[in-house]
Amino acid sequence: MGSASSEKTVTGYAAHDASGILTPFTYTLRQTGPEDVLIKVLYCGICHTDIHQTKNHLGMSKYPMVPGHEVVGEVVEVGSDVTRFHTGETVGAGVIVGCCRTCEPCKANIEQYCSKRIWSYNDVYTDGKPTQGGFASAMVVDQKFVVKIPAGLAAEQVGPLLCAGLTVYSPLKHFGLMRSGLKGGILGLGGVGHMGVKMAKAMGHHVTVISSSDRKRTEAMEHLGADAYLVSSDEAAMGAAAEGLDYIIDTVPVFHPLEPYLSLLKVGGQIILMGVINQPMQFITPMIMLGRKSISGSFIGSMAETEEMLEFCEKKGLNSMIEIVKLDQINEAVERLERNDVRYRFVVDVAGSKLVA
C-alpha cells in the first residue's frame, strides 16, 4: 500500500474568527507520504483547549481553524514505509503531530516537550501548510504520532483518554506516584478531573475531590468512587484536611489562588498544574518553603506513555464518561462546556455526522 497520488479534499467544522463559531469548511489534506497514515475520523472529543484556541484566548490563533485533538479513526491508507499500521485498524491521534526528533526531549522519548513540536491544529506543518484537527472527515498523520487502540476499549470512549487520560497518567508515572497507598487530591471535576479520580483509584490511592461547591459531591463519591470530598470555601473542613495529601492534580483552567491547596499537602507534597491559564498565578513562598512542597506542571504525555496508558485503561476497565453529539450540534456543545454543563466530556460522532460544505 503506497502513497496517495494526490491531495484529498475533506470537509470539517472550522472557526473563522475569535467568535469561535464553527461552520462547515472544505480544504485539502496533504498527500499520504511514505511515513504517513490516512485516518477516516470516527470520533473526536471536545477539550477545553479547543475553546482557548478557537476564541484566541492565548493570542496565537490562526484562521480558518479546524479544532479537535482527541481523534479516533480507521486507517484507510498507509505510506510505503509504514510498518506498524494496516488498513482497517482502529487508531488514535492526539495533541502533537510532529517534532524535530533531534533535541534532548525527542531523544529521551518525551517529544511533547520538543520546542519545535507541531500541534495537531492551529500550527504549520513541515510542508508549510496549516495543520487541521479532528472535527473533520479525515486526517493525515505521521505514523510516529499514531497509536493503536486496544481491542478492549470502545472507540467512542477512547478520544478523551488521548488527552484527559494521558494528561493525568503521565505526571503520576513521572513523579513516582503510581504506587498504591498514596493520598491524592483532584482539584476540579471536569473532563481531566474525572479521569484523575478514575486513574488514581485504579492505582490504589485514597482520593479526595476538591471543588468550589457541594454540587458535585454525589457524582464524585457515588459515581466516580472518590473517598472524600472537600469544598474549598469550607474553612473548617479545609483546616481539618491540612497536611493530609501526598499530591494534588490541579485541573482548573481558570485563575485561582494556590495557597489554600498548598496547605493540604504533606511535607514533600506537590501540586501538579494542568489547566491552561493565561494569567500569572500567585502564592507566598513560605507556603512552599516550610513544607518542602513543590509546584510543578505537566503537559499531556509521550507516545510511549500513550500506549502504556491505553493498556492500563484496558487492563483496569477504565473509560471516560461521555455525551455523544453530532457535528451540527458542536456549537451548542462548546457553549455547554464553557458552562461546565457536561458529564464529563463531549465526543463528536464525526462519522455519523452529515458533512456538507
Side-chain angles (χ1 to χ4, degrees), residues 48-49 95 104-105 108-115 117 163-190 192-212 226-230 232 235 237-302 304-305 308-309:
H48 207 280
T49 301
V95 179
E104 289 189 14
N109 292 321
I110 49 172
E111 61 281 341
Q112 72 271 29
Y113 298 114
C114 172
S115 62
R117 72 182 77 84
C163 179
L166 181 60
T167 295
V168 172
Y169 181 89
S170 179
L172 289 174
K173 177 186 177 183
H174 174 76
F175 292 114
L177 299 172
M178 292 182 69
R179 64 188 186 278
S180 63
L182 294 178
K183 293 186 175 182
I186 306 297
L187 177 55
L189 196 60
V192 177
H194 97 284
M195 285 309 307
V197 176
K198 288 191 166 197
M199 289 272 187
K201 286 297 296 180
M203 293 174 186
H205 298 180
H206 180 283
V207 178
T208 298
V209 169
I210 310 162
S211 189
S212 59
D227 301 286
Y229 189 93
L230 269 178
S232 56
E235 294 184 7
M238 291 286 284
E243 300 182 352
L245 300 177
D246 294 293
Y247 67 87
I248 295 174
I249 291 177
D250 183 348
T251 73
V252 178
V254 296
F255 176 82
H256 56 286
L258 293 181
E259 291 172 8
Y261 310 110
L262 289 167
S263 68
L264 299 175
L265 295 172
K266 297 178 181 179
V267 171
Q270 62 182 314
I271 185 167
I272 306 167
L273 302 178
M274 296 182 177
V276 177
I277 302 170
N278 61 356
Q279 295 173 262
M281 304 295 279
Q282 297 177 351
F283 58 90
I284 59 172
T285 57
M287 292 292 296
I288 296 175
M289 296 163 56
L290 298 180
R292 199 166 62 192
K293 302 172 184 180
S294 61
I295 300 172
S296 59
S298 183
F299 173 62
I300 53 166
S302 67
E305 288 172 329
E308 291 175 17
M309 178 273 302

(message) Regarding Asp246 and Lys266, does a basic nitrogen lie under 4.0 Å from an acidic carboxylate oxygen?
(response) yes
(request) Using modelled atom types only, decide if a donor and an acceptor are shared between the side chain of Tyr229 and the backbone of Ser211 within a distance under 3.5 Å. (result) no
(request) Can you measure from OG (Ser115) to CD (Glu104) and round to the nearest 0.5 angstrom? (result)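 With rounding to 0.5 Å, OG (Ser115) is 11.0 Å from CD (Glu104).
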(message) Looking at every non-hydrogen atom in both residues, tell me the closest pair between Val252 and Asp250 and how far apart they are.
(response) N-OD1, 3.1 Å
(message) Side chains of Met238 and Pro260, heavy atoms from C-beta outward: is any pair under 4.5 Å?
(response)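 A side-chain contact exists here, since the closest heavy-atom pair is under 4.5 Å.
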(message) In the structure I gave you, are the side-chain heavy atoms of Val168 and Thr251 within less than 4.5 Å of one another anywhere?
(response) no
(message) Looking at every heavy atom in both Phe299 and Tyr113, which two are closest together, and how far apart are they?
(response) N-OH, 3.1 Å
(message) Test: side chain to side chain donor-acceptor pair (under 3.5 Å). Region: residues 164-173. Which pairs qualify, not counting sequence neighbours?
(response)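 Every side chain to side chain donor-acceptor pair (under 3.5 Å) pair that includes a residue of residues 164-173, provided the two are not neighbours, is Tyr169-Glu308, Ser170-Glu305, Lys173-Glu308.
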(message) Within the 4.5 Å heavy-atom criterion, are Ile110 and Pro105 side-chain neighbours or not?
(response) yes
(request) Considering non-hydrogen atoms only, spot the tightest contact between Ser302 and Asn109 and give its length. (result) CB-O, 3.1 Å
(message) For a 4.5 angstrom cut-off between non-hydrogen side-chain atoms, does His256 reach Ser212?
(response)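 Side chain of His256 against side chain of Ser212, heavy atoms only: no contact under 4.5 Å found.
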(message) Side chains of Tyr247 and His205 only: does a donor on one sit below 3.5 Å from an acceptor on the other?
(response)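 The criterion, which ignores hydrogens and geometry beyond distance, is satisfied for His205 and Tyr247.
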(request) Please report the closest heavy-atom contact between Ala228 and His206, naming both atoms and the distance. (result) CB-CE1, 4.2 Å
(message) Any non-hydrogen side-chain atom of Tyr261 less than 4.5 Å from a side-chain atom of Leu187?
(response) yes
(request) For residues Leu230 and Leu245, determine if any side-chain heavy atom of one lies less than 4.5 Å from a side-chain heavy atom of the other. (result)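 Leu230 vs Leu245: side chains apart.
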(request) Would you mind reporting whether Ile210 and Leu264 have side-chain heavy atoms less than 4.5 Å apart? (result) yes
(request) Kindly indicate whether the side chain of Met195, heavy atoms from C-beta on, has any atom under 4.5 Å from the side chain of Leu166. (result) no
(message) Looking at every non-hydrogen atom in both residues, tell me the closest pair between Ser296 and Gln270 and how far apart they are.
(response) OG-OE1, 3.4 Å
Please tabulate, for the side chains in residues 287-295, all donor-acceptor contacts under 3.5 angstrom to protein atoms that are two or more places apart in sequence or on a different chain.
{"residue": "Lys293", "atom": "NZ", "partner": "Leu262", "partner atom": "O", "Å": "2.8"}
{"residue": "Lys293", "atom": "NZ", "partner": "Leu265", "partner atom": "O", "Å": "3.2"}

(message) Set out, in order, the CA-CA distance, both residues' side-chain angles and the distance that settles side chain to side chain contact (heavy atoms under 4.5 Å, CB included) for Ile272 and Leu177, then state yes or no.
(response) CA-CA 12 Å; Ile272 306 167; Leu177 299 172; 4.1 Å; yes
(message) Tell me the closest heavy-atom pair linking Met199 and Gly165, and the distance in Å.
(response) CE-O, 3.5 Å
(message) How long is the straight-line distance from CD1 of Ile186 back to CD1 of Ile248, given to the nearest 0.5 Å?
(response)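 If we round to the nearest 0.5 Å, Ile248:CD1 and Ile186:CD1 are 9.5 Å apart.
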(message) For the backbone of Met203 and the side chain of Ser180, can you confirm whether one donor and one acceptor N or O come within less than 3.5 Å of each other?
(response)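 Such a contact is absent between Ser180 side chain and Met203 backbone.
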(message) Is there a side chain to side chain contact (heavy atoms under 4.5 Å, CB included) between Gln279 and Val254? Walk through the geometry before answering.
(response) CA-CA 8 Å; Gln279 295 173 262; Val254 296; over 6 Å; no
(request) Could you go through the side chain to side chain contact (heavy atoms under 4.5 Å, CB included) check for Ile284 and Glu259 one step at a time? (result) CA-CA 8 Å; Ile284 59 172; Glu259 291 172 8; 3.4 Å; yes
(request) List the steps, then state whether side chain to side chain contact (heavy atoms under 4.5 Å, CB included) holds for Met274 with Ile249. (result) CA-CA 7 Å; Met274 296 182 177; Ile249 291 177; 3.4 Å; yes
